[in-house]
Number of protein chains: 2
Amino acid sequence: MTDADATGPATVRSVARAAGVSVATVSRVMAGTGVVSPERTERVLAAARRLGYTPSPIARSLATGTSRRVAVVVPNLSNPYFYDIIRGIGRASAADGYTMTVADSMEDATAEAALATDMLAQADALVLVAPRADRAVLRELQRSRRPVLMLLGPRAEAGLPDLGVDNLGGMTMLYRHLAEIGHRRVVYLSGPPGAWQNRRRLEAARRAERFGVEVTVLEAGGTIAAGHDAADAALTHGPTAIACFNDLVAFGVLNRLTERGIGVPTDVSLTGFDDIDFSAYSSPALTTVRTPRERLGSEGWHTLRRMIDGEAVDPAPEELAAELVVRDSTGSVQASA
Amino acid sequence: MTDADATGPATVRSVARAAGVSVATVSRVMAGTGVVSPERTERVLAAARRLGYTPSPIARSLATGTSRRVAVVVPNLSNPYFYDIIRGIGRASAADGYTMTVADSMEDATAEAALATDMLAQADALVLVAPRADRAVLRELQRSRRPVLMLLGPRAEAGLPDLGVDNLGGMTMLYRHLAEIGHRRVVYLSGPPGAWQNRRRLEAARRAERFGVEVTVLEAGGTIAAGHDAADAALTHGPTAIACFNDLVAFGVLNRLTERGIGVPTDVSLTGFDDIDFSAYSSPALTTVRTPRERLGSEGWHTLRRMIDGEAVDPAPEELAAELVVRDSTGSVQASA
DNA sequence: CTGTTAGCGCGTTCAT
DNA sequence: ATGAACGCGCTAACAG
């Protein structure tokens with residue numbers, strides 16, 4: 001129907017010709033920059049509509065040197081934890097008129113570094129979620145002219161701004177809670193060794209001694225299957241409570257416990273970390289720590305946005321507070337005696 | 001340290017000058033196109049490395065008219081179901097040297113249409129996952145010069161190639177299974193009315209009569225909370241089994257049933273749909289239908305890739321087979337009498 | 001095999 | 001307020 005098809009996609013030029021104005025005028029109207037008389041503005045708009053014209057974002061990027069795009073690199077798109085963060089970034093940035101590009105490094109530090117560099121070349125800024133790369137690589141990224149932000153990063157000396165959650169405080173709340181209801185011997189099932197998150201959560205185990213709880217650390221992992229497989233070993237130490245790296249692991253443990261006919265919390269108490277959706281609906285509902293995942297993404301975007309706008313941002317790591325959520329998987333230790 | 005900083009980012013030009021060759025040679029070396037003598041190739045590579053040069057993907061896109069980027073629009077980044085699909089697309093396309101851009105329409109059909117058009121302008125192709133837009137919009141998209149593919153689309157007359165899963169067959173397998181173990185009265189908790197998926201799964205309810213099972217349909221939704229809230233109403237109809245739109249809903253029901261002291265499968269059997277990770281680990285483990293989510297993404301990419309390469313693709317809807325997974329949440333009806 | 005040159009589609013001075 | 005002309009960084013003919 002339209003006469004656009006004949007000459008291929010419409011461009012500033014074709015619109016200018018159709019509207020009887022110069023390309024500069026078309027550019028000004030479409031970009032909303034400069035001042036154009038109402039009458040000509042209308043003519044341009046009409047021609048654009050008629051030709052089905054949309055300015056090419058690519059050409060625009062080349063001309064302006066900016067793409068209004070954020071790149072995000074995550075270690076693993078399978079993890080619900082990460083995509084809550086991604087959603088936070090996506091929505092907050094979309095509200096500012098930015099588009100988000102996501103890439104998955106598949107837990108490979110080398111691939112991560114390559115992706116990061118690559119994506120950064122096509123975007124105005126980069127968010128590295130839970131980076132696996134070592135500090136040298138991170139420092140290299142820092143030397144880029146483009147803003148780079150870490151979320152859940154190593155929390156130290158990388159030079160890049162880093163926003164995380166208070167793993168130490170959150171985990172400590174959990175131990176304190178257990179101590180208060182009489183637990184003295186707990187087993188902590190730790191997460192994947194590569195994860196920075198894991199370090200801080202482990203630290204809390206040492207501090208738990210202050211509350212009089214003795215924590216035995218066992219390696220597990222970060223998945224349901226890992227929890228399931230680690231449960232028997234945990235029981236070997238005769239704990240009154242099992243604390244897990246995250247909710248997924250806790251569900252794996254719960255499953256194994258149920259298989260063996262061990263009651264939660266009557267025989268042993270159980271805690272998770274993250275408060276994923278499911279945790280309120282398991283039987284028993286899981287005591288855990290809520291972590292502001294989507295907010296991590298949105299706040300991260302906002303500081304990144306400030307960096308894009310040229311503001312100086314303090315690279316000191318920041319941490320969002322975690323919140324204890326007590327449900328039914330933890331009970332006082334007397335009841336189990 | 002390097003001498004790149006003084007003149008800003010390196011370009012073909014600066015590298016050409018540093019290597020003592022022409023820009024064309026640099027371009028050929030960097031893009032791996034054309035033939036350049038080994039000696040000069042080395043000189044260019046050395047200069048590029050020294051200046052920290054990386055070709056600008058944006059300029060390259062403008063020059064070639066192709067970006068090697070796929071755009072993906074999903075209704076809701078919160079849904080694990082969609083994430084698996086996205087991961088499938090991401091990995092398959094990455095293997096072909098493409099990057100993926102993801103946008104979230106937040107279940108808004110209008111936003112979806114706008115996003116789709118917008119993203120398509122910045123990519124070589126578009127994947128619409130579970131589109132909410134009506135057929136007119138979809139048909140409009142079809143008129144684009146760029147390849148567009150639907151995943152889990154309306155499965156008819158949209159003109160766009162559409163790849164989905166066999167919802168009807170999968171759901172039917174579930175009813176047949178229930179019939180075989182003696183169930184005659186089942187309640188089906190249906191999903192969100194807007195989802196195309198829901199329609200086909202509903203259809204199966206009518207066909208279930210062939211197996212002698214009478215299905216009462218109740219509206220629920222697609223979340224754990226929806227299942228939890230619909231459970232009481234379902235029980236009202238005195239079913240021996242409750243079939244759910246998806247696994248999430250089933251878990252919500254399971255939770256409510258447990259609260260009320262109703263045994264699964266002793267008092268009532270329960271089925272889900274999707275086979276999400278968790279389903280193997282609930283107590284009891286959930287009988288469900290496995291749907292090849294990641295494969296949906298990867299296969300989708302492969303046909304899209306063929307379209308990008310100019311091959312003609314049959315727009316007839318295709319469906320990937322679903323697979324029945326019998327676990328512990330369904331039992332023979334005699335046992336419950 | 002190599003270099004020169006003309007765009008890709010747009011923003012942006014600089015005149016007018 | 002408007003238009004002409006140049007440049008963003010790169011690729012793709014076309015000569016040589």
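The basis for the numbers below is simple: all heavy atoms, side chains too, and nothing from hydrogens, waters or symmetry mates. Model, not experiment: these values are computed from the prediction. Just so we're on the same page: letters track the sequence lines, and every chain starts at 1.
Using a cutoff of 4.0 Å between basic side-chain nitrogens and carboxylate oxygens, A:D309 and A:R306 are not scored as salt-bridged.
For the pair B:R40 and C:dG3, the criterion of a side-chain N or O lying under 4.0 Å from OP1 or OP2 is met. For the pair B:S22 and C:dT4, the criterion of a side-chain N or O lying under 4.0 Å from OP1 or OP2 is not met.
B:I85 places none of its side-chain heavy atoms less than 4.5 Å from the side chain of B:V74. For the pair B:R139/B:Q142, a side-chain contact is recorded, criterion being any heavy-atom separation below 4.5 Å from C-beta on. Looking at heavy atoms from C-beta onward, A:V21 lies out of side-chain contact with A:V36 at the 4.5 angstrom threshold.
Across its full length, the helix from C:dC1-D:dG16 to C:dT16-D:dA1 shows an angle of 40° between the axes of its 5 terminal pairs at either end, rounded to 10 degrees.
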(message) Apply side chain to side chain contact (heavy atoms under 4.5 Å, CB included) to residues B:I89 and B:L151 and explain how you reach the verdict.
(response) CA-CA 11 Å; B:I89 302 171; B:L151 253 27; 4.0 Å; yes
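Between A:I58 and B:V35, the residue anchored nearer the 5' end of DNA chain C, judged by the nucleotide with its closest heavy atom, is B:V35.
Of the possible polar contacts, none joining the A:T303 side chain to the A:E299 backbone as a donor-acceptor pair under 3.5 Å is found. Under a 3.5 Å cut-off, the side chain of B:D84 and the backbone N or O of B:R293 do not form any donor-acceptor pair.
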Just the atom pairs and distances: protein N or O near nucleotides 10-12 of chain C's N or O, under 3.5 Å.
from	atom 1	to	atom 2	distance (Å)
C:dC10	OP1	A:Y53	OH	2.6
C:dC10	OP1	A:S56	N	3.0
C:dC10	OP2	A:V12	N	2.4
C:dG11	OP1	A:R60	NE	2.5
C:dG11	OP1	A:R60	NH2	3.1
C:dG11	OP2	A:S27	OG	2.6

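A straight line from CG of A:L62 to C1' of D:dC6 spans 13 Å, rounded to a whole angstrom. Separating the CD atom of A:Q122 from the C1' atom of D:dC10 is a distance of 14 Å, rounded to the nearest angstrom.
Counted within 6.0 Å of CD on A:E318, heavy atoms from surrounding residues, nucleotides or ligands total 12 or fewer; the atom is thus considered open.
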